[in-house]
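Some notes on the structure that comes next.
Predicted model only: the values in this text are computed from it and were never measured.
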Amino acid sequence: MKLGIIGAGMVGSAAAFSCVMRGAASRIVLVDLNEARARAEAEDIAHAVPFGAAVQIDAGTYADLSGAGVVILACGVSQKPGETRLELLSRNAEVFCTVVAEVTRHAPDAILLVASNPVDIMGQVTQALSGLPKARVIGSGTILDTARFRWLLGRHLGIAPRSVHAYVLGEHGDSEVLAWSAARAGSVSLESFAAQMRSPLTDAARAEIDAGVRRAAYTIIEGKGATWYGIGAGLARIVAAISADEQAVLTVSTVSDVLGVKDVACSLPRVVGREGVSAELMPDLSRPEREALATSAGLLKDSFDKLGL
């Protein structure tokens with residue numbers, strides 16, 4: 001499968017590198033306003049191909065996206081000092097007007113995978129601008145938050161994160177919901193597993209894990225300025241699910257109705273394959289978790305509506 005990536009910054013290039021290493025696409029095209037940066041990133045990543053999968057990677061233009069099965073949107077503007085979130089959203093929406101028009105003109109059959117923040121709202125902006133079916137516009141959503149949750153739980157329990165089945169729902173942001181009540185280790189509830197491993201999930205342990213998930217980006221940004229490896233790997237995981245038609249359950253963001261909130265983009269566990277999202281699931285949540293998810297969805301819907309698209 002051919003993959004296009006718009007934006008050759010740290011997130012876009014990390015996604016390209018991750019896709020090369022796991023063989024998620026057969027060809028990758030990097031497109032960026034800074035053509036020299038795109039060429040440099042493509043060549044640097046190409047030098048890793050002998051250590052990974054047989055992938056052709058090049059820099060190109062929108063026209064080179066023709067035939068792409070997936071196009072990742074990792075572009076946009078940065079927040080200015082004193083700029084409000086809504087002002088940033090408005091400027092990014094203007095950027096996406098041009099980008100989405102060019103992508104859909106040259107790759108009309110591609111699934112659009114949105115990585116630009118705030119990712120849920122930008123995903124809904126992309127769906128509105130493109131006119132594509134909702135199932136074919138996917139935001140990376142809480143795939144990274146879910147990975148952080150599983151990693152921290154695995155570390156606490158002393159097991160591999162892949163043996164932890166837990167989800168973060170709602171916004172990729174401050175209102176996200178850690179679905180503790182639906183989490184499992186293997187096929188066992190967290191409480192039972194933790195007791196058997198003699199690593200009880202005390203209130204203090206839960207609070208530490210919750211803070212570790214919610215504050216991870218802030219901590220990383222404070223130390224190095226931005227995050228890119230985790231989300232790059234998450235984007236590659238989504239691309240692989242589409243390319244291989246896996247029907248994998250991933251916490252991604254698409255536009256749907258969530259707990260009474262109509263037409264909102266936020267994350268739930270969704271089935272992802274070659275046609276995009278084919279189904280969505282609602283985990284068994286406690287009442288407080290359901291209320292928190294409804295609140296998160298409502299906040300996202302309000303933010304999108306204020307854009308007036």
Side-chain angles (χ1 to χ4, degrees), residues 1-21 24-49 52 55-83 85 87-107 110-119 121-123 125-126 129-130 137-140 144 217 220-221 223-236 238-239:
M1 186 191 72
K2 184 176 180 179
L3 169 68
I5 301 178
I6 312 300
M10 298 310 299
V11 170
S13 57
F17 176 75
S18 294
C19 285
V20 165
M21 298 311 289
S26 58
R27 185 183 176 199
I28 301 173
V29 178
L30 294 179
V31 179
D32 197 286
L33 283 174
N34 185 340
E35 296 178 4
R37 172 68 181 268
R39 286 194 301 271
E41 292 290 358
E43 184 171 354
D44 193 11
I45 295 168
H47 298 161
V49 168
V55 179
Q56 178 184 343
I57 179 166
D58 302 287
T61 66
Y62 285 110
D64 296 309
L65 300 177
S66 177
V70 177
V71 176
I72 295 174
L73 304 183
C75 50
V77 296
S78 300
Q79 193 164 9
K80 297 177 180 178
E83 185 176 38
R85 188 167 178 263
E87 288 169 341
L88 173 63
L89 271 171
S90 297
R91 290 201 299 126
N92 264 328
E94 290 177 8
V95 172
F96 268 50
C97 282
T98 300
V99 171
V100 172
E102 289 292 324
V103 170
T104 54
R105 181 160 71 95
H106 293 286
I111 291 171
L112 303 186
L113 176 52
V114 181
S116 303
N117 278 320
V119 69
I121 300 169
M122 293 311 301
V125 166
T126 300
L129 293 173
S130 69
V137 180
I138 303 172
S140 57
L144 178 56
I220 294 169
I221 289 168
K224 59 182 258 185
T227 67
W228 54 82
Y229 293 123
I231 187 56
L235 291 165
I238 299 168
V239 171

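- The two residues V119 and V114 have their closest heavy-atom pair at CG2-O, 3.2 Å.
- Summarising the geometry, atom OG1 belonging to T126 is positioned 7.0 Å from atom CG belonging to L112; distances are rounded to the nearest 0.5 Å.
- The environment of F17 atom CZ is sparse: at most 12 non-hydrogen atoms of other residues, nucleotides or ligands sit within 6.0 angstrom.
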Exercise for review: Please report the C-alpha distance between V31 and D64 in whole Å, then the side-chain angles of each, then the deciding distance to 0.1 Å, and finally whether the side chain to side chain contact (heavy atoms under 4.5 Å, CB included) criterion is met.
Suggested key: CA-CA 9 Å; V31 179; D64 296 309; 5.9 Å; no
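- A distance of 12.5 Å separates CD in E41 from CD1 in I28, rounded to the nearest 0.5 Å.
- The OG atom of S13 lies 8.5 Å from the CG atom of D44; values are rounded to the nearest 0.5 Å.
- S26 places no side-chain N or O within 3.5 Å of a backbone atom of V55 that could act as its donor or acceptor partner.
- For the pair A16 and I45, the tightest heavy-atom approach, listed with the atom from each and the gap, is CB-CD1, 3.7 Å.
- Side chain of D58 to main chain of V29: no donor-acceptor pair is present (N/O by atom type, distance under 3.5 Å, no hydrogens or angles).
- Note that the CG atom of N117 and the CD1 atom of I231 stand 8.0 Å from one another [nearest 0.5 Å].
- Of all heavy-atom pairs spanning S18 and A236, the tightest one is CB-CB, 3.5 Å.
- Across every non-hydrogen atom of L65 and A107, the tightest pair is O-CB, 3.5 Å.
- Between L89 and M122, the shortest heavy-atom contact is CD2-SD, 3.9 Å.
- For V239 against L3, the heavy-atom pair with the smallest separation is CG2-CD1, 4.2 Å.
- Taking 4.0 Å as the cut-off between side-chain N and carboxylate O, E43 and R39 do not count as a salt-bridged pair.
- Residue Q56 places its CD atom among more than 12 non-hydrogen atoms of other residues, nucleotides or ligands, all under 6.0 Å distant.
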Practice item. Apply side chain to side chain contact (heavy atoms under 4.5 Å, CB included) to S116 and N92, showing your working. Key: CA-CA 9 Å; S116 303; N92 264 328; 5.8 Å; no
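- Atom CG of L30 is separated from atom CD1 of I72 by 9.5 Å, given to the nearest 0.5 angstrom.
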Exercise for review: Evaluate the salt bridge (Lys or Arg N to Asp or Glu O under 4.0 Å) criterion for residues E94 and R91: first the C-alpha distance (whole Å), next the side-chain angles of each, then the deciding distance (0.1 Å), finally the verdict.
Suggested key: CA-CA 5 Å; E94 290 177 8; R91 290 201 299 126; over 6 Å; no
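- We find the OG1-CD1 distance between T227 and I220 to be 6.0 Å, quoted to the nearest 0.5 Å.
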Point to revise | Evaluation steps, side chain to side chain contact (heavy atoms under 4.5 Å, CB included), between L73 and V100 | key: CA-CA 9 Å; L73 304 183; V100 172; 4.2 Å; yes
